[in-house]
Undergrad: 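Have a look at the structure that comes next, please.
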Amino acid sequence: MSLIYIVEDDRNISEIESFSLKNSGYETAVFETAKDFYEALARRMPSLVLLDVMLPDEDGLCIVEKLRKDPLTQQIPIIMVTAKSTEMDKVKGLDMGADDYLSKPFGVMELISRVKALLRRSGKGRAERCLTIGCVLLDDERHVVSVDNRPCELTHKEYELLKMLMLRAGIVTGRTEILDQVWGTDFQGESRTLDMHIKTLRQKLGEAGKMIRTVRNVGYILDL
């Protein structure tokens, strides 16, 4: 079931959106502030985001810009929802990285139709996505990893850890951020858990494991 995040501070509108989407078979979560939305993203990635432009703590266009700059969120489909209806406002939203645009007031049938269409388009894009760094290939559609064209069996956490590092290749990722993203913000274990997973991941990747480097007192980076 596709999960849709609704970022909207007007409860009347968010309730209509959520009710309509649930009736169409989607799972939804509603957030009235950018802060709550970001916290949810750290726990679970959605299939699509319905994003209002006017929020109490941050402009929706700024949120789009941040999502598109982060490798972990840049592929999330985004539909901007706003009372602004001028052509210039729409162009600005699309230029910032939004995939589609809905002007208030809008019909429920139009909302569902646009959501379905965007999920179909984005699904095709994700199906073709493969990450390649050096001799390591991660096929996210088939959920498999190979090194030098040989299969590499990873646990679920090792796979998610490698995927995160490959998406952020060349960028140092902090320990806390890795734990939040891969294990969840409610993780109560020791940080040594991360170190042990990095160790076993390096071993399974063989010589390619040397691409994963430790940045002392900070975190890890995957780089050629």
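We number each residue from 1, following the sequence as shown.
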Undergrad: Looking only at atom types and distance, does a side-chain atom of D59 sit under 3.5 Å from a main-chain N or O of L61, one as donor and one as acceptor?
TA: yes
Undergrad: Shared ILVMFWY cluster between L131 and I221, side chains joined below 4.5 angstrom?
TA: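 No, because L131 and I221 fall into different hydrophobic clusters, even though each may have its own neighbours under 4.5 Å.
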Undergrad: So how far is it from D148 CG to L137 CG, rounded to the nearest 0.5 Å?
TA: 11.0 Å
Undergrad: Distance from L205 atom CG to S146 atom OG, nearest 0.5 Å?
TA: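 Separation between the atoms: 10.5 Å.
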Undergrad: Rounded to the nearest 0.5 Å, how far does OG of S113 lie from CG of L118?
TA: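 Going from CG on L118 over to OG on S113, the span is 11.0 Å.
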Undergrad: Heavy atoms only: give me the nearest E58-A34 pair and the separation to one decimal.
TA: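 E58 and A34 have their closest heavy atoms at OE1-CB, 3.6 Å.
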Undergrad: How would you list, by chain and number, every residue that makes a side-chain contact (heavy atoms from CB on, under 4.5 Å) with S20, sequence neighbours excluded?
TA: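 By the side-chain contact (heavy atoms from CB on, under 4.5 Å) rule, S20 matches I16, V108, I112.
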Undergrad: How about F106 and V81: do any of their side-chain heavy atoms sit closer than 4.5 Å?
TA: yes
Undergrad: Can you tell me how far the OH atom of Y220 sits from the CD1 atom of I198, to the nearest 0.5 Å?
TA: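 Nearest 0.5 Å value for the OH-CD1 distance: 5.0 Å.
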Undergrad: Please enumerate all residues that pass side chain to side chain donor-acceptor pair (under 3.5 Å) together with T132, with sequence neighbours excluded.
TA: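 Partners of T132 by the side chain to side chain donor-acceptor pair (under 3.5 Å) criterion come out as none, since no residue qualifies.
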Undergrad: Between S47 and I4 (side chain of the first, backbone of the second, donor and acceptor by atom type, cut-off under 3.5 Å), is there such a pair?
TA: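 No; judged by distance alone, with no hydrogens or angles, the pair does not exist.
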Undergrad: Check side chain to side chain donor-acceptor pair (under 3.5 Å) between E177 and all other residues, then give those that pass, not counting sequence neighbours.
TA: R168
Undergrad: Would you say that Y5 contacts I76 through its side chain, given a criterion of any heavy-atom pair below 4.5 Å between the two side chains?
TA: no
Undergrad: Hey, could you give me the NZ/OG distance between K116 and S2, rounded to the nearest 0.5 Å?
TA: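 That separation rounds to 11.0 Å.
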Undergrad: Does N149, at its CG atom, have more than 12 non-hydrogen atoms belonging to other residues, nucleotides or ligands within less than 6.0 Å?
TA: no
Undergrad: Does the side chain of I63 come within less than 4.5 Å of I78's, by heavy atoms?
TA: no
Undergrad: Tell me whether R213 contacts the main-chain N or O of D223 through its side chain, where contact means a donor paired with an acceptor under 3.5 Å.
TA: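 Between the backbone of D223 and the side chain of R213 there is no qualifying donor-acceptor contact (under 3.5 Å).
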Undergrad: Going hydrophobic residue to hydrophobic residue with side-chain gaps under 4.5 angstrom, can you get from V144 over to M166?
TA: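 No.
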Undergrad: Can you name the residues that form a side chain to side chain donor-acceptor pair (under 3.5 Å) with E207, not counting sequence neighbours?
TA: K210
Undergrad: Answer whether the closest heavy-atom distance between the side chains of E110 and L102 falls below 4.5 Å.
TA: yes
Undergrad: Would you mind listing every salt bridge (Lys or Arg N to Asp or Glu O under 4.0 Å) that reaches into residues 14-25, with sequence neighbours excluded?
TA: none
Undergrad: Looking at every heavy atom in both A29 and L3, which two are closest together, and how far apart are they?
TA: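 In this case the closest contact between A29 and L3 is N-CD1, 4.5 Å.
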Undergrad: Hey, is the main chain of K35 close enough, under 3.5 Å, to the side chain of D57 for a donor-acceptor pair?
TA: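 Such a contact is found between D57 side chain and K35 backbone.
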Undergrad: Should M80 and M96 be marked as a side-chain contact (heavy atoms from CB on, under 4.5 Å) after you check the CA-CA gap, both sets of side-chain angles, and the distance that decides it?
TA: CA-CA 11 Å; M80 301 294 292; M96 296 290 277; over 6 Å; no
Undergrad: Any chain of hydrophobic side-chain contacts (each under 4.5 Å) joining I13 to L55?
TA: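 In one cluster with I13: L55, no.
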Undergrad: Would you sort out whether T200 and T155 count as a side-chain contact (heavy atoms from CB on, under 4.5 Å), showing the intermediate values?
TA: CA-CA 10 Å; T200 57; T155 66; over 6 Å; no
Undergrad: Check for a donor-acceptor pair, side chain of K157 on one end and backbone N or O of V182 on the other, with a separation under 3.5 Å.
TA: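 Side chain of K157 to backbone of V182, a donor-acceptor pair under 3.5 Å: yes, one is there.
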Undergrad: Within the 4.5 Å heavy-atom criterion, are D10 and D52 side-chain neighbours or not?
TA: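 They are not in side-chain contact.
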Undergrad: For a quick test of reading the model, state the closest non-hydrogen atom pair linking G219 to R175 and the distance between them.
TA: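 What the structure gives for the nearest pair is CA-CG, 3.7 Å.
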Undergrad: Apply side-chain contact (heavy atoms from CB on, under 4.5 Å) to M45 and Q181, showing your working.
TA: CA-CA 10 Å; M45 289 290 177; Q181 185 63 43; 3.9 Å; yes
Undergrad: Are side-chain heavy atoms of T33 and E39 found at a separation under 4.5 Å?
TA: no
Undergrad: When rounded to the nearest 0.5 angstrom, what is the spacing between CH2 in W183 and CG in L161?
TA: 5.5 Å
Undergrad: Strictly below 4.0 Å, N to O, side chains only: are D99 and R68 in salt-bridge contact?
TA: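 Answer for the salt bridge query: yes.
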Undergrad: Restricting to non-hydrogen atoms, name the atom on K204 and the atom on L154 that form the minimum distance, rounded to 0.1 Å.
TA: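 Shortest heavy-atom separation between K204 and L154 comes out as CD-CD2, 3.7 Å.
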Undergrad: Between K66 and K69, is a side-chain contact (heavy atoms from CB on, under 4.5 Å) present by the stated rule, with each step listed?
TA: CA-CA 5 Å; K66 289 180 180 178; K69 286 182 178 179; 5.9 Å; no
Undergrad: Would you indicate whether the side-chain heavy atoms of L222 and V136 approach each other to under 4.5 Å?
TA: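 A side-chain contact is absent here, since even the closest heavy-atom pair is not under 4.5 Å.
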Undergrad: Could you give all pairs that pass the ring-ring contact (aromatic ring centres under 6.0 Å, His included) test and reach residues 131-163, with sequence neighbours left out?
TA: H143-Y159
Undergrad: Looking at E153, I'd like to know if its CD atom is crowded, meaning that more than 12 non-hydrogen atoms belonging to other residues, nucleotides or ligands lie closer than 6.0 Å.
TA: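 Counting neighbours around CD of E153, 12 or fewer heavy atoms of other residues, nucleotides or ligands fall under 6.0 Å, so no.
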Undergrad: With side chains defined as the heavy atoms from C-beta onward, is the minimum distance between Y26 and L48 less than 4.5 Å?
TA: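 No; the side chains remain at least 4.5 Å from each other.
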Undergrad: Identify the residue among L41, T73, I6 that makes a side chain to side chain contact (heavy atoms under 4.5 Å, CB included) with P46.
TA: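 Of L41, T73, I6, side chain to side chain contact (heavy atoms under 4.5 Å, CB included) with P46 is met by L41 alone.
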Undergrad: Mind listing the closest non-hydrogen atom pair of R11 and S14 along with its distance?
TA: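 Smallest heavy-atom distance, with atoms named: O-OG, 3.1 Å.
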Undergrad: Are M54 and F37 linked, directly or through other ILVMFWY residues, by side chains that come within less than 4.5 angstrom of each other?
TA: yes
